[in-house]
K.L.:
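This structure is in structure tokens; I'll ask about it shortly.
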Amino acid sequence: MARSVLDASALLAYLRREPGWEQVLAAFSGTTTMTSVNFGEVAGWMVRKGADEAAVRGLRNGLVFPLTTVDDDLCIRAALLEPLTRAKGLGIGDRLCLALAARSDSVALTADAAWQEIAVGAGVVVQLIR
């Protein structure tokens, strides 16, 4: 697989071995990243399920891809997606993932089918994992 940006839903599908997790695994062999905010969403899910700091840090340290820090440019790009994504219920993490995929000319991997409906307007190729 070429360049890809993972949404939190994609990494969660991999971690929980949900349908589509194999597509996420395949992305690891390419150039993959996710925003630090999207990782924060995954970490929050882990904590809600009882994980402690060591477990969250262990996952972070075990990732085979780097996290992309959210910078001013990415924040602005995500903000500009607000009018396009609001009606679909996409949050800031979703918009940051889409913005990073657009900025880096990468495919956005997600389990959220609503992304397909806004992909063209966002200037992003979206790959649904299920």
Side-chain angles (χ1 to χ4, degrees):
M1 177 170 276
R3 295 206 263 222
S4 57
V5 176
L6 301 182
D7 175 38
S9 66
L11 183 56
L12 284 170
Y14 170 78
L15 294 173
R16 297 186 289 203
R17 296 302 193 258
E18 293 175 347
W21 75 270
E22 298 95 342
Q23 288 186 57
V24 180
L25 177 62
F28 294 164
S29 66
T31 304
T32 302
T33 190
M34 82 183 316
T35 72
S36 54
V37 171
N38 291 114
F39 179 77
E41 291 178 312
V42 173
W45 172 84
M46 291 176 65
V47 170
R48 286 190 302 279
K49 296 298 180 184
D52 62 7
E53 181 179 352
V56 173
R57 289 187 183 279
L59 174 62
R60 170 61 189 102
N61 292 333
L63 292 177
V64 296
F65 55 85
L67 296 181
T68 298
T69 303
V70 176
D71 57 25
D72 293 350
D73 176 66
L74 204 53
C75 286
I76 292 167
R77 287 171 181 262
L80 293 172
L81 291 172
E82 173 73 21
L84 177 66
T85 61
R86 183 178 327 140
K88 299 297 178 190
L90 277 64
I92 186 64
D94 301 321
R95 291 191 306 275
L96 286 165
C97 181
L98 288 164
L100 179 57
R103 180 171 82 178
S104 61
D105 195 27
S106 300
V107 174
L109 266 70
T110 186
D112 189 343
W115 288 29
Q116 285 285 51
E117 299 171 34
I118 55 91
V120 172
V124 176
V125 174
V126 171
Q127 179 182 336
L128 294 178
I129 61 168
R130 56 177 170 244

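Keep in mind the model is a prediction, meaning the values are calculated, not measured. In this chain, numbering begins with 1 at the start of the sequence shown.
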K.L.:
Would a hydrophobic clustering, with Ile, Leu, Val, Met, Phe, Trp and Tyr connected at side-chain separations under 4.5 Å, put Val37 with Val124?
P.N.:
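In one cluster with Val37: Val124, no.
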K.L.:
What distance separates Met46 CE from Glu41 CD, expressed to the nearest 0.5 Å?
P.N.:
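Here the interatomic distance stands at 14.5 Å.
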K.L.:
Between Ser4 and Thr32, does any side-chain donor sit less than 3.5 Å from a side-chain acceptor?
P.N.:
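Side-chain D/A pair, Ser4 to Thr32: present.
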K.L.:
Once you round to the nearest 0.5 Å, how far does CZ of Arg60 lie from CD of Glu53?
P.N.:
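Atom-to-atom, Arg60:CZ and Glu53:CD are 14.0 Å apart.
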K.L.:
How long is the span from the OG1 atom in Thr85 to the CG atom in Asp94, to the nearest 0.5 Å?
P.N.:
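With rounding to 0.5 Å, OG1 (Thr85) is 8.0 Å from CG (Asp94).
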K.L.:
Give me the atom names and distance for the closest heavy-atom approach of Ala108 to Trp115.
P.N.:
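That closest heavy-atom pairing would be CB-CZ3, 3.9 Å.
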K.L.:
Is there a side-chain contact between Val42 and Leu59 (heavy atoms, below 4.5 Å)?
P.N.:
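Counting from C-beta outward, Val42 and Leu59 do come under 4.5 Å.
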K.L.:
In this structure, would Leu12 and Leu96 fall into the same cluster of hydrophobic residues linked by side-chain contacts under 4.5 Å?
P.N.:
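No; tracing contacts between hydrophobic side chains, which count when under 4.5 Å, never links both residues.
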K.L.:
Do side-chain atoms of Thr33 reach the backbone of Pro66 as a donor and acceptor pair under 3.5 angstrom?
P.N.:
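Indeed, once roles are kept as given, a pair shorter than 3.5 Å links the two residues.
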K.L.:
Do the non-hydrogen side-chain atoms of Lys88 and Asp112 ever get within less than 4.5 Å of each other?
P.N.:
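No - every pair of side-chain heavy atoms lies 4.5 Å or more apart.
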K.L.:
A side-chain contact here means heavy atoms from C-beta on lying under 4.5 Å apart; do Met34 and Leu67 qualify?
P.N.:
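Yes, side chains in contact.
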K.L.:
Applying a strict under-4.5 Å side-chain criterion to I, L, V, M, F, W and Y, I'd like to know whether Val64 and Leu109 cluster together.
P.N.:
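Yes, it is one cluster - the side chains of Val64 and Leu109 are joined through contacts under 4.5 Å.
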K.L.:
Following the transitive rule for hydrophobic clusters with a side-chain heavy-atom cut-off under 4.5 Å over Ile, Leu, Val, Met, Phe, Trp and Tyr, establish whether Leu63 and Val47 coincide in one cluster.
P.N.:
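Yes; tracing contacts between hydrophobic side chains, which count when under 4.5 Å, links both residues.
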K.L.:
Less than 4.5 Å apart, side chain to side chain, heavy atoms only: is that true for Val126 and Leu98?
P.N.:
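Val126 reaches Leu98 side chain to side chain.
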K.L.:
Could you check whether any side-chain heavy atom of Asp71 comes within less than 4.5 Å of a side-chain heavy atom of Leu74, counting everything from C-beta outward?
P.N.:
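Contact flag for Asp71/Leu74 side chains = yes.
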K.L.:
Quick check for you: to the nearest 0.5 Å, what is the distance between Arg103 atom CZ and Thr68 atom OG1?
P.N.:
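Result: 7.5 Å between the selected atoms.
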K.L.:
Between CZ of Arg57 and CG of Asp52, what distance do you get to the nearest 0.5 Å?
P.N.:
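Nearest 0.5 Å value for the CZ-CG distance: 11.0 Å.
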K.L.:
Looking only at the side chains, is there a donor atom on one of Ser9 and Thr110 sitting less than 3.5 Å from an acceptor on the other?
P.N.:
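Judged by distance alone, the side chains do pair up.
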K.L.:
Enter the distance from Asp7:CG to Leu100:CG here, rounded to the nearest 0.5 Å.
P.N.:
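The CG atom of Leu100 is 11.5 Å from CG of Asp7, to the nearest 0.5 Å.
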K.L.:
Is it true that Phe39 and Leu6 fall in one hydrophobic cluster, defined by side-chain heavy atoms closer than 4.5 Å?
P.N.:
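Phe39 clusters together with Leu6.
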K.L.:
Tell me every residue that passes ring pair (Phe, Tyr, Trp, His ring centres under 6.0 Å) with Phe28, counting only those two or more places apart in sequence or in another chain.
P.N.:
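Result, ring pair (Phe, Tyr, Trp, His ring centres under 6.0 Å) vs Phe28: Tyr14, Phe65.
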K.L.:
Indicate yes or no: at least one non-hydrogen side-chain atom of Arg77 is less than 4.5 angstrom from one of Leu80.
P.N.:
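Side-chain contact under 4.5 Å: no.
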K.L.:
Got Cys75 and Val70 here, is their nearest side-chain heavy-atom distance under 4.5 Å?
P.N.:
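Heavy-atom side-chain distance check passes, below 4.5 Å.
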